[in-house]
Amino acid sequence: MAFKRLLAAHALLALMAGQSIGLALTGPSRLLQDRPAAAQADLTPEEKKALEARAVALVGQMVSDALSLQLIENRIQVICFAAEMLWKRDEPRARGYLQEATAQFMGMPPLPTEPGPQAVRAWRERGSTRSMILQTISKFDPRMGLDFLRASRQVMAGGAPGGAMEGRSNQDYEKNYEMQLAVQIAENDPQTALQLAEDALKSDLSYQVIEVWRRLMTRDPQAGGKLAGQLISKLRSSDLVKNQNSISIVNEMAHDLRARIQELKNATPPAAGAAGQAQKPAATLAELEPLYKELLGLIASASLKITPANFLDIQEQGFARNLLGYAQAMLPDMEKHLPAKAPLVRAKLNQFQKAFYHTPASSIDDFSEIQKKSAAELMAMAEKAGEGEKEVFYSQAMMKAIQEGDTDLARQISRQHLRAEGQGEFLVREIDRVERERAVKEGKIEEARKGVSQIKNEVERARALISMASQVEAAKDVKLRKQLLDEARGMIGDKMETRAQLDTQLSLAAAYLDIDADYSFATLTASVEKLNAVMAATLVVMRFTQDVPVEEEEMRVGQAGVSEMVAGQWNHLLAAFARKDFARTQAAIEQWQSLPVRLTVNMSLVTELIGEDQEEGRPRFIFERGIQ
């Protein structure tokens with residue numbers, strides 16, 4: 001049932017994004033996803049180089065500013081961000097930033113020793129900062145990350161103040177992170193990775209060791225074979241019937257080895273000219289098949305131990321089903337490699353045949369085929385479908401009706417069959433949007449204007465006009481684009497009393513960048529003034545509710561409340577203003593009264609301009625602090 005709901009949600013989200021699964025609809029997505037013309041404009045190579053140089057220079061200034069911050073956590077946040085942005089452009093400088101971040105962390109004052117809420121909060125904040133540093137360092141230099149992980153444990157000394165459970169969670173975190181680093185280290189230093197995995201196996205059978213083993217089998221098969229032997233030895237002493245972690249490890253290793261063996265058997269001999277070329281080391285069939293046979297033996301032996309009693313325990317019955325499922329999948333290979341045990345395993349599977357979970361018959365077996373159906377065919381399928389599947393078919397029928405130009409049918413479907421949780425009215429609005437966009441594309445501007453006039457909400461009408469302007473821009477109809485923007489501007493005036501109004505003003509300002517840049521930057525600055533007032537009021541409320549301690553005068557860089565207040569169209573459109581005029585954009589940003597907020601905004605801007613994740617449209621570092 002959850003899977004079917006997911007398919008329905010997928011279909012509805014596809015409509016919201018302006019496309020059906022596999023079949024694109026016409027027009028841009030919602031306004032908040034539209035990119036303004038100035039942001040899309042192609043810059044010359046010289047302009048791009050100059051803009052990048054300004055962004056890099058801004059990073060250096062941000063670090064200098066951050067060093068004056070009161071909170072060490074804030075300084076580290078900005079320094080780590082700077083290292084990430086500059087690593088591929090200036091590695092020595094980025095390394096220097098990482099060393100500064102680690103030095104700042106190691107110099108933090110001792111954690112409080114008296115138990116209580118403040119101790120818990122301080123310990124978790126410290127762990128969050130440590131995780132952020134680890135994530136940044138490990139991305140570029142896993143060995144350096146490992147050194148910091150170990151050295152920084154003394155800063156976390158005293159254990160988790162939240163009790164035994166939180167202390168155990170911290171221990172698991174340390175082990176898991178060390179293994180994650182081992183996976184990365186294995187790429188260039190297999191022997192160190194092997195040592196880390198061996199050390200981990202001395203205390204526990206960690207699932208993360210499997211990833212280390214996989215990497216070693218690719219980079220250093222001899223080291224991978226050695227680790228596999230130690231893993232199998234550890235697994236022999238584990239009760240696979242009652243230990244889900246162990247049986248999962250066995251299954252993962254077996255499937256991986258089977259794939260590697262099949263790949264070797266299907267591989268063609270290297271060409272004669274390739275003999276002198278450097279080849280990656282590869283394990284041989286003689287090395288892999290004995291390991292695979294041992295794992296098959298473990299699965300077979302464990303499945304033969306299953307008894308009816310295992311199905312009487314609510315937890316063990318799930319483990320037993322999984323184990324029998326693994327045995328079923330591996331049975332053909334057991335018959336080949338374990339001829340004596342295979343008949344016994346088959347008999348055991350037959351004994352518990354009714355215990356297996358059988359996927360119920362469904363008419364949604366092949367979603368790609370559903371996409372090929374017409375709206376009428378999908379409607380017919382919906383009528384015959386089970387209750388849990390109807391919504392999937394109706395959603396797809398509605399999108400197909402829009403593609404076929406039958407918006408009347410689309411409206412009928414949304415009103416009669418997709419009304420759950422207010423979906424019907426929302427989808428009608430989406431159909432209206434698609435119709436307007438299609439009308440603009442076909443040059444039927446008055447028809448699109450008529451559709452806009454039927455929108456009751458003033459802000460929504462202005463947004464629709466801005467969206468229309470972004471469409472006609474593609475046709476280079478500057479006069480019509482300006483008319484539409486002027487109409488939206490007259491409709492909304494200078495209102496910034498709500499977030500929706502402010503976001504719409506910023507979208508309008510970005511759209512005007514090539515028409516009236518003075519108006520655009522004046523609006524940008526006015527939005528800062530408005531948000532400064534809102535931010536001050538928000539901080540008062542946060543302090544009143546003790547979300548921010550009274551004695552803590554400095555806001556957090558990237559803090560949830562701050563980030564949400566600054567986000568929206570401000571972050572989304574800022575790069576468009578910077579590409580138009582970087583200096584004026586910085587002048588507007590300087591109007592933020594709080595240094596942490598200015599830094600947060602500049603981090604977003606730099607990420608948009610030179611960050612690796614800029615195509616995803618979100619700054620990865622600002623709003624996702626690591627958690628301990």
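This is a predicted model, so every value here is computed, not measured. Along the sequence shown, residues are numbered consecutively beginning with 1.
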**Report entry** Nearest-0.5 Å distance that lies between atom CD in Q99 and atom OG1 in T102
**Finding:** 6.5 Å

Requested in this report: Begin with the C-alpha distance, continue with both residues' side-chain angles, and end with the deciding distance and a verdict on side-chain hydrogen bond (donor to acceptor under 3.5 Å, both in side chains) for N266 and Q262.
Outcome: CA-CA 6 Å; N266 295 337; Q262 193 61 46; 3.3 Å; yes

Requested in this report: May I ask you to decide if Q135's main-chain N or O and Y177's side chain share a donor-acceptor pair within less than 3.5 Å?
Outcome: yes

**Report entry** Atom of L146, atom of L196 and distance for their closest heavy-atom approach
**Finding:** CD2-CD1, 3.8 Å

**Report entry** Test item: E287 side-chain N/O and T284 main-chain N/O as donor-acceptor pair under 3.5 Å
**Finding:** yes

Report summary line: Taking every heavy atom of F105 against every heavy atom of S152, the minimum-distance pair comes out as CE2-CB, 3.7 Å

Query - R130: which of E174, E125, E73 passes salt bridge (Lys or Arg N to Asp or Glu O under 4.0 Å) - result: E174

**Report entry** Side-chain donor or acceptor of K305 paired with backbone N/O of V241 under 3.5 Å
**Finding:** no

**Report entry** Sidechain-backbone polar pair: E211 side chain, Q208 backbone, donor-acceptor under 3.5 Å
**Finding:** no

Report summary line: Given the options I72, V78, L71, I76, N74 meets side-chain contact (heavy atoms from CB on, under 4.5 Å) only with L71

Query raised in the report: How far apart are the C-alpha atoms of L149 and Q180, what are their side-chain angles, what is the distance that settles it, and do they pass the side chain to side chain contact (heavy atoms under 4.5 Å, CB included) test?
Result: CA-CA 12 Å; L149 176 70; Q180 292 174 30; over 6 Å; no

**Report entry** L609 vs E52, side chain to side chain contact (heavy atoms under 4.5 Å, CB included): CA-CA, chis, key distance, verdict
**Finding:** CA-CA 7 Å; L609 296 178; E52 179 174 334; over 6 Å; no

Report summary line: Value for CD1 (I137) from CE (M132), rounded to nearest 0.5 Å, stands at 10.5 Å

Report task. Determine yes or no for a side-chain-to-main-chain donor-acceptor pair under 3.5 angstrom, with S248 supplying the side chain and Q244 the backbone. Result -> yes

**Report entry** H337 side chain to D333 backbone, donor-acceptor under 3.5 Å
**Finding:** no

**Report entry** Expected output: side-chain K400 to main-chain K373 donor-acceptor under 3.5 Å
**Finding:** yes

**Report entry** Centroid-centroid distance, F81 to Y97, less than 6.0 Å
**Finding:** no

Report task. Would you tell me whether Q191 and Q195 have side-chain atoms, one donor and one acceptor, within less than 3.5 Å of each other? Result -> no

Query raised in the report: If you measure from CD on E91 to CG on D141, what distance do you get to the nearest 0.5 Å?
Result: 8.0 Å

Report task. Examine distances only and state if a side-chain atom of Q317 and a backbone atom of L312 form a donor-acceptor pair shorter than 3.5 Å. Result -> no

Query raised in the report: Side chain of K242, backbone of E316: donor and acceptor closer than 3.5 Å?
Result: no

**Report entry** From CD (Q328) to OG (S303), nearest 0.5 Å
**Finding:** 10.5 Å

Query raised in the report: Checking side chain to side chain contact (heavy atoms under 4.5 Å, CB included) for the pair I185/V212: CA distance, chi angles, key distance, verdict?
Result: CA-CA 9 Å; I185 290 170; V212 180; over 6 Å; no

**Report entry** R75 to A66 - nearest heavy-atom pair and separation
**Finding:** CG-O, 3.1 Å

**Report entry** Heavy-atom closest contact (F352 atom, T307 atom, distance)
**Finding:** CZ-C, 3.7 Å

Query raised in the report: Got a second to check how far E252's CD is from W213's CH2, nearest 0.5 Å?
Result: 9.5 Å

Requested in this report: Just say parallel, tilted or perpendicular for the rings of F140 and W87, cut-offs at 30° and 60°.
Outcome: parallel

Query raised in the report: Any chance the side chains of S246 and K234 put a donor and an acceptor closer than 3.5 Å?
Result: no

Requested in this report: Specify the closest pair of heavy atoms between E608 and A575, including all atoms of both residues, with the distance to one decimal.
Outcome: CB-CB, 3.9 Å

Query raised in the report: Is there side-chain contact between Q222 and L216, with at least one heavy-atom pair below 4.5 Å?
Result: no

Report task. Take R143 and N188 through the test side chain to side chain contact (heavy atoms under 4.5 Å, CB included) and record every step on the way to the result. Result -> CA-CA 10 Å; R143 187 56 196 256; N188 298 310; over 6 Å; no

Query - R346, CZ atom: more than 12 neighbouring heavy atoms under 6.0 Å - result: no

Query raised in the report: Is it true that a side-chain atom of S604 and a backbone atom of T600 form a donor plus acceptor pair closer than 3.5 Å?
Result: no

Query raised in the report: Just wondering, more than 12 heavy atoms not from K348 lying within 6.0 Å of its NZ?
Result: yes

